[in-house]
Amino acid sequence: MDFSHFQYQKQSLYCSHYVPHVSPFRSIFLFYNRRRIITLLFFWRLPLSPLAILRQTIALSIHFFPNEERKLNCQNQKSEVLISARKPRNMALLEFFGCAFLAFGPPLAMFLITIAKDPIRIIILIASAFFWLLALLMSSLLWLVADTLNSPIVVGVVFSVLLQELFRYLIYLLLRKAEVGLKKLTESDTAIITNKNILAYVSGLGFGIISGTFSLVNVLADATGPGTVGLHGDSNLFFLTSSLTTLCFVLLHTAWGVLFFHALDTKKFLPLIWVVTSHLLVSLLTLMNPSQLYLATILPAYAVLVVTALWAAGAAGASFTSLKKCLTIQPKTVQVRVED
Amino acid sequence: MAGILNVKKVCWLLFSAILLATDLSGERITEKIYQRIDDGFSCFRRLNGTHQIGCSSSQSGNVGVVHYVGKKLDFDWLLEVGPDAPYVVLLAPDLFRRENLMSLKNSGKVAGIVVLNQTDTTFHNPSPAPPYSNDLTCPNKITGLYKNDEFSSYCDSNPWNPAGDAILFEDFQFPIFFINETKLNQSVLLDDCYLKFNRPIEGTPPSYPLCAIELKAFMWAAVDTPTCLRRGRLNMLLNPQPSEYCDPLGNVNIFVPVLAANKSSGPVRNHSVIFISARLDSASIFDGLSVGADTAITGMATLIAIADMINKFKFDIRREEIENIFLVLFNGEAFDYIGSSRMAYEMTLGKFPKPLKEENPSQSPLIGLEHIKYWIELGSLAPHGDKKIYLHTDPKSRSDIRVDSNVMNLINALMNNQGNLTVESVNASIPLPPASLQSFLKKDLSIPGLLISNHKNAFTNQFYNNEWDTFQTISSSKLSKHLAEVAQTVSAAIYKLATRDEMPTNIVANVTLLESILECYLVNANCSLFSWLLNGRNNLATGSILPTYVGVTHGDGAYKALSLRTRHLLAMVSGDPLDINKTACINSDHNEIYHYYWMGEYESNNSSGTCYRSTVKTSYAVSPAFEIEDYDWASGEYSSWTESRWETFSVRIFLKASSLQAVSIFVFGVVVLLLSFAVTYWVETNSALLFPPSPEAVAC
């Protein structure tokens with residue numbers, strides 16, 4: 001290539017290039033600006049002047065359709081087309097959605113199918129989630145004190161678990177007190193009154209969902225990419241194990257809720273002790289995560305989940321016979337319907 | 001009441017406890033994923049009237065798998081095998097050359113390039129073997145004097161800069177960074193990233209996870225200068241928070257009229273002013289990496305030494321013949337003579353040094369091109385082997401006999417005062433090398449002038465306009481001595497021309513001054529000379545070197561820092577020390593002839609400060625193209641360079657998970673989601689059977 005006339009030979013076609021629309025200093029405060037512009041557009045600028053409206057409309061459209069790579073017809077320089085076509089795919093985003101579905105899929109299903117249909121259940125779910133938050137606040141304050149005294153993290157974990165169980169007891173008291181009021185509210189759906197386990201289940205799920213959200217959202221926010229964990233020697237399955245642990249805790253809280261309420265209702269202390277000790281056990285097991293013994297955490301945690309879930313189901317009235325009934329009765333009812 | 005108070009107290013305690021808690025910061029997952037790399041210099045985008053050059057990343061940054069290329073053979077693997085594209089290629093400095101860059105650029109496999117400059121590791125990276133220059137083989141030819149005449153072909157057959165590979169003028173669609181790694185035992189990019197995760201073993205591609213790097217250097221400007229300026233204007237009109245996309249390159253020219261003159265003493269006579277000039281700037285691809293040791297600083301330092309000597313004999317000048325001597329430092333010369341073309345343009349318009357105003361009595365008289373008697377330009381002057389300096393002249397102007405005889409006077413004056421040097425006059429038929437003088441000759445061919453440099457044909461400077469043009473490549477024990485001898489020769493010649501006498505032997509070049517200047521500009525900008533000039537407010541890191549790149553007009557920081565210090569330095573060497581205190585100095589009558597500088601109040605030096613009255617001035621070094629209305633951007637008359645705006649440069653490394661792992665996690669997540677819906681639905685529909693009311697509940 002001859003460079004002597006490099007500078008002023010006007011090239012007729014330019015290959016792909018970026019066309020900026022937004023000022024440099026603005027994209028820093030993009031979110032803030034977007035809200036501000038909408039506010040201005042609809043509440044302040046709109047009645048004032050047509051020019052202002054034009055400006056704001058353009059600004060708004062610029063914001064919602066930012067830098068678009070405009071590819072012009074390009075024949076001379078094939079390489080540049082190749083380069084612009086080769087944009088790396090962000091595989092981390094796929095991982096992000098996988099982890100989000102894994103940790104929050106089951107609770108989402110439970111919420112949509114069993115909770116969302118009844119406003120009372122939603123209220124109770126939120127109330128119990130609020131109680132868990134109170135427990136978190138208390139344990140944070142305690143941890144603040146403990147940390148200044150250089151206590152090991154074990155102390156914080158133990159106190160946090162005990163506080164959560166204390167607040168589970170408080171929401172139990174509250175719900176039992178509110179039962180009379182609930183009876184008045186729910187005239188159509190009587191299941192929530194007749195079956196006490198439903199209240200227990202809903203409040204347990206409330207605990208689970210909020211604790212799961214708090215433990216995973218920060219992690220998920222960093223999982224959007226482009227990178228994944230492991231540069232400094234951490235396991236690159238970090239996001240997966242975090243999600244599995246979170247899911248386990250969500251389900252455990254639900255089962256603990258049922259078992260805990262049932263134990264208090266029937267004044268049996270063995271399930272109560274199981275709830276507290278297994279909660280302590282599983283929480284303390286997670287302390288092994290920094291040393292990357294993920295299986296040593298997850299396998300016992302899921303074992304505890306199976307035991308607790310079965311126990312809770314039993315407490316709620318399920319048994320092998322009822323399970324069998326479910327599995328076998330259905331075809332019969334179908335048959336009956338056909339005969340009709 | 002007491003109860004409420006207590007509650008308030010408790011609340012207050014809790015609140016302060018929470019405030020305190022903000023000190024306790026937990027480790028975020030981000031720190032497990034990313035590692036920032038801070039010692040980077042980025043390539044950026046510049047535009048001229050017709051093209052864009054330089055680099056830009058996408059707005060969110062370019063991501064690529066790290067691959068190290070330490071020797072030529074490694075390119076083959078990358079281009080032919082390399083299955084994990086896009087790559088970001090780590091290059092040893094010696095491999096950062098045109099043919100390699102072009103093969104990488106054209107492969108379409110590359111998302112970015114990092115030049116990895118390591119001082120000491122197992123991978124030994126020496127600085128690139130000379131010659132190595134990123135400028136054109138004929139720098140600044142298009143805006144130069146010989147654009148369309150019989151001399152224009154000279155450079156094509158005998159290039160001034162044969163090493164020039166024109167990488168500086170190439171447009172890359174990906175970012176390029178220059179990263180210094182000075183760690184002695186563990187290199188982040190090589191050891192922790194490439195060798196640990198990415199090295200192919202016996203040609204087999206590495207397995208995931210791979211170490212990837214994100215390079216962010218997004219440029220707002222595109223296409224060319226007129227397009228960018230137009231978009232900027234449009235943005236100003238429509239955007240609630242307007243901003244330009246690019247800025248014209250520019251800084252200040254610094255000049256000293258040796259004798260103070262007032263316009264009241266009448267206009268300057270024709271052919272009565274001697275100009276001595278040098279350039280202050282150089283260029284490189286990377287922002288902040290342009291020392292320009294031989295390209296700019298050798299000539300500049302010599303000019304300051306000459307200013308120091310002229311100041312000692314300025315009252316000997318025969319005023320009836322020579323009215324004044326101007327010492328000029330041009331800025332932006334690397335980008336099509338920005339500084340010199342602007343000064344020549346202002347001279348032709350009668351605006352130099354400042355347009356005359358009736359109401360202002362303290363103004364210098366106008367200087368035009370017709371007032372110039374002689375022009376001496378100092379080019380690159382570092383000694384390369386011999387103690388020769390060469391005098392280049394312009395054949396076009398010398399075709400006029402009157403000009404030719406004046407040029408001969410100039411040559412003779414220099415040759416008669418050569419001292420220990422050997423002064424050689426280059427063949428009169430050979431055109432000028434790239435020089436600021438060309439901008440003035442372009443306007444007026446009657447100026448007798450010459451360029452003094454260290455090369456006869458091609459540049460002896462092996463790193464012309466390159467980031468490796470540093471002190472190391474020109475260092476020798478003789479450097480400051482050699483420059484002092486050049487200063488001595490030039491000053492003696494000027495003395496002869498201005499007074500018709502021999503220069504007294506007691507006027508000698510100040511070698512100590514030259515050594516301090518070279519130290520400050522080339523080795524360590526946090527030096528005592530700069531601190532002295534700025535009364536201790538030097539504020540630069542030890543070992544930092546101020547870049548000589550011209551910068552942009554609206555810019556600040558490093559590029560303005562250099563011209564500030566240079567102006568003070570010239571004020572010191574050319575100024576008259578006055579016996580007044582600080583307040584009197586600062587409150588003196590600063591006007592367009594004199595300016596008063598308070599310098600030397602420097603605590604660690606225990607000196608109390610001196611007031612210098614100096615005639616140092618600055619003028620804008622911005623291309624006239626940005627002043628002229630309806631300028632034809634494609635004409636090549638003046639420099640049309642602008643620099644894109646950008647927000648930040650950032651580099652970080654992290655691991656990239658394999659697609660298989662990401663996909664399997666995604667599928668697992670979706671399966672769990674669907675399964676849980678199915679199971680929950682089944683349990684819900686069968687709940688009456690599955691959970692029969694227990695006898696106790698019935699009993700209730």
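A note on names: the letters A, B, ... follow the listed sequences, proteins ahead of strands, and every chain is numbered from 1. The analysis underlying the following values was restricted to heavy atoms, covering all of them including side chains, and did not include hydrogens, waters or symmetry mates.
- The minimum heavy-atom distance linking A:S322 with B:L689 is given by the pair CB-O, 3.4 Å.
- Atoms OG and CZ, from B:S676 and A:F101 in turn, are 11.0 Å apart once rounded to the nearest 0.5 Å.
- With a threshold of 4.5 angstrom between heavy atoms, B:C138 does not approach chain A through any atom at all.
- In this structure the side chain of A:L94 reaches within 4.5 angstrom of the side chain of B:V663, judged on heavy atoms.
- Within the 4.5 angstrom heavy-atom criterion, no atom of B:V679 approaches chain A.
- One finds the NZ atom of B:K32 at 3.5 Å from the CG atom of A:D234 (value rounded to the nearest 0.5 Å).
- Residue B:A212: no heavy atom, backbone or side chain, is found under 4.5 Å from chain A.
- For A:F96, no part lies under 4.5 angstrom from a heavy atom of chain B.
- Ranked by heavy-atom pairs under 4.5 Å with chain A, the first of B:I665, B:V667, B:L675, B:V672 is B:I665.
- Contact of B:F197 with chain A is made through the side chain alone, with heavy-atom distances under 4.5 Å.
- Two residues are said to be in side-chain contact when any heavy atoms from C-beta on lie closer than 4.5 Å; B:L673 and A:F97 fail this criterion.
- A pairwise comparison of heavy atoms in B:I653 and A:L231 identifies O-CD2, 3.6 Å as the closest pair.
- When atom types are taken as modelled, the side chain of B:Y34 and the backbone of A:G227 share a donor-acceptor pair closer than 3.5 angstrom.
- The nearest pair of heavy atoms linking A:I113 to B:Y681 is CD1-N, 3.9 Å.
- Here the straight-line distance linking atom CD of B:Q661 with atom CG of A:N236 works out to 4.5 Å at 0.5 Å rounding.
- Proximity to chain A (any heavy atom under 4.5 Å) is shown, for B:L674, by neither the backbone nor the side chain.
- Proximity to chain B (any heavy atom under 4.5 Å) is restricted, for A:L112, to the side chain, taken from C-beta onward.
- The candidate from B:L690, B:V671, B:V683, B:V670 with the greatest count of non-hydrogen atom pairs under 4.5 Å with chain A is B:L690.
- Only the side chain of A:L244 comes within less than 4.5 Å of a heavy atom in chain B; its backbone stays farther off.
- One distance of note links CD of B:E31 with NE2 of A:H232; it measures 8.5 Å at 0.5 Å rounding.
- Note that the CG atom of A:L323 and the CZ atom of B:F691 stand 9.5 Å from one another [nearest 0.5 Å].
- The greatest number of non-hydrogen atom pairs below 4.5 Å with chain B, out of A:P106, A:A103, A:P226, is found for A:P226.
- Under a cut-off of 6.0 angstrom, the local environment of CD1 in A:I153 is sparse, with at most 12 non-hydrogen atoms contributed by other residues, nucleotides or ligands.
- The CD1 atom of B:I33 lies 4.0 Å from the CZ atom of A:F239; values are rounded to the nearest 0.5 Å.
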